[in-house]
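First comes the structure, then the notes that go with it.
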Amino acid sequence: MTLQQPALLTIIVGCAMLIASCSTSPQGGPRRSKQAFGSVDGNDVSIYTLRNKNGMEARITNYGGIVVSLMVPDRSGKLADVVLGYDSLSPYLTQTSYFGALVGRVANRIGHARFALEGKEYVLAANDGPNHLHGGLRGFNRAVWEVDESTPPSEPTLVLSYLSKDGEEGYPGTLRVKVVYSLSDSNDLRIDYTATTDKPTVLNLTHHSYFNLAGQGVGDILNETVMINADRFTPIDSLLIPTGEIRPVQETPMDFRTPHKVGDRINEKDDQLRLGRGYDHNWVLNRSGDGLSFAARVSEPTSGRIMEVWTTEPAIQLYTGNFLDGKSIGKGGVAYKYRTGLCLETQHFPDSPNRPEFPSCILRPGETFTSSTIYRFSAQ
Ligand code: BGC
């Protein structure tokens, strides 16, 4: 059968319209676009905007893989930016809060800034008192990540990679890390991590957005309700290093198996809350199998926004912004005061390199590390 010219034209136009509608946001623009954001050590840095069909928008820079803003609808469809951060690049270069960043090579703390692996001791930067925090002085949050520009702009996906050299920040082995951010039409911001190494090393990757579901700059997070799918947590010492004990949450202010407002118990006279200056702890997730499993849920009563966290990781850190003190001036000139954002960092347990009894964070040559986390947004 041969097609008549008008019929052929109709098919071609139809296909073109279909491709265009799949590749554009409701506003008609592409699902991923790029803007200059400045430069670091002579390397250009950009912001990539990912959009979905509901108008949700994530702006992510390849400096530190930082989520700079995240526009999320409330129950009436009104968008607000739900993460803390800065309007320009320069404050990100010196910040110590890790706003929005990808954190590695080992997120969270390593006690006494040292660990042994296969009989050899490695000494790391002590950048948190005597301890090592979030990968050291120049962790992955301060790296300029390479962007795979070949991914079609019709996809709301950002593919970042980073080569961490052998000995960088004291860690052994050259590590190739790839992180893929993607935004789905069901309002999932998904992060997929993979890594390989040429020598045995340790690895714990996480994402460090401070969420405020009422909108960044709109008060504190004490009225947000949190649920964490964990029967146990790892108690800390005065320097926030796990003692090694794995303690049931039952009958403690750490019990978020049913939803509780962050502020309900945060000021109770409890030893762990005193040591953490609030919540700054690691919960051992209840999980079965290796796949994505439900970890936590946050809901905010005035906007109706809800965020669920799903992960393949064994644990999650809830940090309630206890070190924010109003000195950092963020987006729109807002001073980020005490407890105005909360982090839910999916991860391996803190100090894992020194704790053989914790799930292992060792990566060996020939293995591929994989990890996925979804921040899923809805409103009610
Ligand atoms: C830690 C906090 C720390 C913060 C850095 C969080 O992941 O748990 O103790 O102060 O990161 O800003």
Side-chain angles (χ1 to χ4, degrees), residues 64-67 83-86 91-113 124-142 169 191 203-212 216 221 226 228 230 233-243 254 256 262 266 272-284 295-296 298 309 311 313-330 335-352 358 361 373 375:
I66 292 170
V67 174
V83 293
L84 277 52
Y86 302 107
Y92 282 116
L93 307 183
T94 52
Q95 67 149 337
T96 52
S97 302
Y98 299 81
F99 288 138
L102 292 176
V103 183
R105 186 175 299 199
V106 174
N108 216 311
R109 291 175 170 83
I110 298 180
H112 303 290
L124 309 166
N127 59 333
D128 183 59
N131 301 321
H132 178 82
L133 176 68
H134 289 334
L137 301 174
R138 231 185 132 91
F140 293 2
N141 60 302
R142 294 210 194 283
E169 289 296 319
I191 314 174
L203 177 66
N204 189 14
L205 300 177
T206 197
H207 172 75
H208 209 280
S209 274
Y210 288 63
F211 297 97
N212 183 330
Q216 70 91 24
I221 44 79
V226 170
I228 303 178
F233 76 107
T234 51
I236 49 172
D237 67 15
S238 62
L239 294 170
L240 288 89
I241 300 292
T243 59
M254 304 290 153
F256 282 99
V262 175
I266 199 166
Q272 282 299 308
L273 288 172
R274 182 182 57 78
L275 293 170
R277 296 170 182 76
Y279 295 107
D280 196 353
H281 295 80
N282 169 69
W283 275 258
V284 179
V298 186
V309 186
T311 190
E313 285 292 315
I316 197 164
Q317 180 95 1
L318 167 65
Y319 166 58
T320 47
N322 312 310
F323 293 108
L324 297 177
D325 57 8
K327 285 193 190 130
S328 182
I329 306 299
Y336 290 135
K337 297 195 185 133
Y338 192 46
R339 297 180 175 161
T340 51
L342 64 82
C343 303
L344 281 164
E345 307 154 42
T346 55
Q347 58 170 1
H348 275 55
F349 303 4
D351 202 25
S352 286
F358 287 174
C361 69
T373 290
Y375 294 99

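Predicted model, so just to flag it, every value in this text is computed and none were measured. Atoms within each ligand, like the ligands themselves, are counted from 1 in listed order.
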Quick test: of every protein heavy atom, which one is nearest to atom 6 (C) of ligand 1, and how far off is it to 0.1 Å? His208 NE2, 3.2 Å
Test your reading of the structure: does Tyr98 have an N or O sitting under 3.5 Å from an N or O of ligand 1? no
Relative to ligand 1, is Thr96 under 4.0 angstrom through side chain, backbone, both or neither, heavy atoms considered? backbone
Side chain, backbone, both or neither: which applies to Tyr210 and ligand 1 if a contact is any heavy-atom pair less than 4.0 Å apart? side chain
Does Leu318 reach the side chain of Ile228, with side-chain heavy atoms less than 4.5 Å apart? yes
Tell me whether ligand 1 is touched by Ser97 - counting only heavy atoms on the residue side and a distance under 4.0 Å. yes
Are Gln317 and Asn108 close enough that a side-chain donor and a side-chain acceptor fall under 3.5 Å? yes
Working note: Tyr210 + Tyr336, criterion ring pair (Phe, Tyr, Trp, His ring centres under 6.0 Å); need CA distance, chi angles, decisive distance, verdict. CA-CA 11 Å; Tyr210 288 63; Tyr336 290 135; 8.3 Å; no
Looking at residues at least two apart in the chain, or sitting in another chain, which of them share a ring-ring contact (aromatic ring centres under 6.0 Å, His included) with Tyr86? Tyr92, Phe99
N/O separation below 3.5 Å, Glu345 to ligand 1: yes
Under 3.5 Å, is there a donor-acceptor pair between the side chain of Asn204 and the main chain of His348? yes
Considering the heavy atoms of Asp280, write down every atom of ligand 1 situated less than 4.0 Å from one of them. 1 (C), 2 (C), 8 (O), 9 (O)
Of all the heavy-atom pairs spanning Pro242 and Thr234, show the shortest one and how long it is. CB-CB, 4.3 Å
State the atoms of ligand 1, each with its element, that fall below the 4.0 Å cut-off from a heavy-atom position in Phe323. 9 (O), 10 (O)
Of all residues at least two apart in sequence or in a different chain, which pass the ring-ring contact (aromatic ring centres under 6.0 Å, His included) check with His134? Tyr98, His208
Using heavy atoms and a threshold below 4.0 Å, how should the contact between Arg109 and ligand 1 be classified: side chain, backbone, both, or neither? side chain
